[in-house]
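For the single chain, residues carry numbers from 1 onward in sequence order. Note: hydrogens, waters and symmetry copies are ignored here, and every other heavy atom, side chains too, is used.
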Amino acid sequence: MAAAKQAALCATCLVDQVLPEIGVATVQLLRRAGWAMEFPQAQTCCGQPFFNSGFKQEAVDLAKRVVEIFEPYAAVVLPSGSCTAMIRVEYPHLLEPWPEWRERALALAAKTFELSQFLTHQARWQPAPSAAAPNAAYHDSCHMCRLLQVRQEPRHLLRAVGCALGEMSEADRCCGFGGLFSLRLPEISNAMTAEKLRQADQTGAAVLVTADPGCLLQIRGLAAASGLRVEHLATVLEEATR
């Protein structure tokens, strides 16, 4: 039997500190797809909160640390479109004043992938459909669809495991999270979330799926009264392929 290929999991802060079940589901899925996963214990925040808040030097320091930690690995996988976008899109710009660091950032960016992107294109995972897979709607997070241009991969995987997928009228409309935006302008943020939930309800889906932990926390926080289940893509895929 051929040895499993190896990749590193970059768990992200929200998964590590708040939603560890997403990290577990991610590792289980990648193992089923034939990959051996490693978890570098030294990993920390990717620096996106600093970057978005204007603390450039702090973001630079964290970017350099992430590059050092993950550059030894053949591939890096994240269960978060926003953190993946930070590494793939923002690091090369952030580290541009230092040519050596920029080259290292570009090398890391080239082998860093969001989970659905990796399962579809690198692992070429072909799961068997399950009759227990739920009716679902998918929310396109802002960083995922606009910066990474990843839209169809999550939908492809959901359909592959047997989900009947209903489309919201504005699937790529912001959920209202926006990092610190939801803290600074909670009334506007929550109104945006309420509209997202209204559109999801119109699809008749039992589960609203997102590939970003931040969006998950924002939407789930207001979804309790609606009865709509809100889950991360990794969780839905893992449950359907047990």
Side-chain angles (χ1 to χ4, degrees), residues 4-5 7 9 11-12 14-15 19-37 75 77-82 84 113-145 148-173 175 196-220 222-224 226-242:
K5 299 176 183 179
L9 172 67
T12 80
L14 286 180
V15 172
L19 300 161
E21 67 276 8
I22 293 174
V24 172
T26 297
V27 170
Q28 289 172 331
L29 286 171
L30 290 165
R31 286 175 176 169
R32 289 171 196 169
W35 287 73
M37 298 303 298
V77 185
L78 299 89
S80 166
S82 61
T84 304
F113 306 93
E114 181 274 328
L115 175 62
S116 71
Q117 191 179 40
F118 187 85
L119 285 172
T120 302
H121 300 296
Q122 275 63 46
R124 299 184 184 277
W125 186 49
Q126 296 182 330
S130 167
N135 293 341
Y138 177 73
H139 160 64
D140 291 284
S141 69
C142 295
H143 285 91
M144 187 112 151
C145 69
L148 294 180
Q149 302 298 314
V150 175
R151 294 174 180 265
Q152 295 307 316
E153 289 86 344
R155 292 173 168 83
H156 164 75
L157 291 171
L158 288 167
R159 292 189 180 101
V161 301
C163 290
L165 204 57
E167 285 290 343
M168 290 179 282
S169 56
E170 298 174 293
D172 62 355
R173 181 188 179 111
C175 72
K196 177 64 65 173
L197 286 167
R198 186 190 69 80
Q199 292 190 15
D201 183 65
Q202 287 184 331
T203 69
V207 181
L208 177 58
V209 183
T210 179
D212 258 302
C215 298
L216 173 65
L217 288 176
Q218 175 69 23
I219 300 171
R220 187 180 278 178
L222 274 73
S226 71
L228 181 68
R229 182 181 164 203
V230 185
E231 297 290 351
H232 191 275
L233 177 69
T235 303
V236 175
L237 297 178
E238 194 281 321
E239 287 180 353
T241 55
R242 287 178 182 171

Asks: I want to check something: taking the side chain as every heavy atom from C-beta on, are Arg32 and Arg242 in contact at a cut-off of under 4.5 Å?
Replies: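 A side-chain contact exists here, since the closest heavy-atom pair is under 4.5 Å.
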
Asks: Once the angle between the rings of Phe118 and Phe113 is folded into 0 to 90°, is it parallel (under 30°), tilted (30 to 60°) or perpendicular (over 60°)?
Replies: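 Plane angle between 30° and 60°, so tilted.
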
Asks: Show the nearest heavy-atom pair for residues Leu197 and Leu222, with the distance to one decimal.
Replies: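 Answer, listing the atom of Leu197 first, then Leu222: CD1-O, 3.5 Å.
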
Asks: With sequence neighbours excluded, what pairs up with Ser141 under the side-chain hydrogen bond (donor to acceptor under 3.5 Å, both in side chains) test?
Replies: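 Here the qualifying residues are Asp212.
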
Asks: Work out which heavy atom in Ala137 is nearest to a heavy atom in Thr203; give both atom names and the distance.
Replies: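 Heavy atoms only, the tightest pair is CB-OG1, 3.7 Å.
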
Asks: When you compare the side chain of Thr120 with that of Glu114, does any pair of heavy atoms fall below 4.5 Å?
Replies: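 Of all side-chain heavy-atom pairs linking Thr120 with Glu114, none is under 4.5 Å.
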
Asks: Under the side-chain contact (heavy atoms from CB on, under 4.5 Å) test, which residues partner Leu217, sequence neighbours left out?
Replies: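 Leu217 satisfies side-chain contact (heavy atoms from CB on, under 4.5 Å) with Leu14, Val18, Leu19 only.
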
Asks: Please tell me if the side chains of Val15 and Ser80 come closer than 4.5 Å, counting only heavy atoms from C-beta onward.
Replies: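 They are not in side-chain contact.
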
Asks: CZ of Arg220 to CZ of Arg229: how many Å apart, nearest 0.5 Å?
Replies: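 Spacing of CZ (Arg220) from CZ (Arg229) equals 8.5 Å.
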
Asks: Taking only residues two or more places apart in sequence, or in another chain, which ones meet Tyr138 in a ring-ring contact (aromatic ring centres under 6.0 Å, His included)?
Replies: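 Counting only residues at least two positions away or on another chain, Tyr138 forms no ring-ring contact (aromatic ring centres under 6.0 Å, His included).
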
Asks: Under 3.5 Å, side-chain donor or acceptor atoms of residues 121-136 against the rest of the protein: list the pairs with distances, not counting sequence neighbours.
Replies:
from: His121; atom 1: NE2; to: Glu153; atom 2: OE2; distance (Å): 2.8
from: Ser130; atom 1: OG; to: Ala132; atom 2: N; distance (Å): 3.1

Asks: So, do Thr26 and Leu78 sit near enough that their side-chain heavy atoms are less than 4.5 Å apart?
Replies: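 SC-SC contact between Thr26 and Leu78 ruled out.
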
Asks: In Å, rounded to the nearest 0.5 Å, how long is the span from CD of Glu239 to CD of Gln28?
Replies: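 CD of Gln28 is found 10.5 Å from CD of Glu239.
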
Asks: For Met37 and Leu9, which heavy atoms make the closest approach, and how far apart are they?
Replies: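 In this case the closest contact between Met37 and Leu9 is CE-N, 3.8 Å.
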
Asks: Would you check, one step at a time, whether the test side chain to side chain contact (heavy atoms under 4.5 Å, CB included) holds for Glu238 with Val161?
Replies: CA-CA 9 Å; Glu238 194 281 321; Val161 301; over 6 Å; no

Asks: Among Leu29, Leu237, Leu115, find the residue that satisfies the side chain to side chain contact (heavy atoms under 4.5 Å, CB included) test when tested with Leu157.
Replies: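 By the side chain to side chain contact (heavy atoms under 4.5 Å, CB included) criterion, Leu157 pairs with just one of Leu29, Leu237, Leu115: Leu237.
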
Asks: Is any side-chain heavy atom of Val150 closer than 4.5 Å to one of Pro154?
Replies: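 Result yes, sub-4.5 Å side-chain heavy-atom pair found.
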
Asks: Considering non-hydrogen atoms only, spot the tightest contact between Ile22 and Leu216 and give its length.
Replies: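 Looks like CD1-CD2, 3.7 Å.
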
Asks: Could you pull out all residues at least two apart from Arg31 that satisfy salt bridge (Lys or Arg N to Asp or Glu O under 4.0 Å)?
Replies: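 Arg31 satisfies salt bridge (Lys or Arg N to Asp or Glu O under 4.0 Å) with no other residue.
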
Asks: Test of understanding: with side-chain hydrogen bond (donor to acceptor under 3.5 Å, both in side chains), list the residues that count as partners of Glu170, not counting sequence neighbours.
Replies: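 Checked Glu170 against side-chain hydrogen bond (donor to acceptor under 3.5 Å, both in side chains); matches are Arg173, Gln199.
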
Asks: For Leu148 and Gly81, which heavy atoms make the closest approach, and how far apart are they?
Replies: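 Answer, listing the atom of Leu148 first, then Gly81: CD1-O, 3.5 Å.
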
Asks: Check whether any side-chain heavy atom of Leu30 sits under 4.5 Å from a side-chain heavy atom of Leu119, and report yes or no.
Replies: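 In contact.
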
Asks: Between His232 (side chain) and Ala211 (backbone), is there a donor-acceptor pair under 3.5 Å?
Replies: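 A pair under 3.5 Å: yes.
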
Asks: What is the minimum heavy-atom distance between Gln218 and Cys175, and which atoms define it?
Replies: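 Here Gln218 and Cys175 meet closest at CG-O, 3.9 Å.
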
Asks: Heavy atoms, side chains only, cut-off 4.5 Å: are Cys215 and Lys196 in contact?
Replies: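 No - every pair of side-chain heavy atoms lies 4.5 Å or more apart.
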
Asks: Can you tell me how far CE of Met168 sits from CG of Asp201, rounded to the nearest 0.5 angstrom?
Replies: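 Rounded to the nearest 0.5 Å, the CG-CE separation comes to 11.5 Å.
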
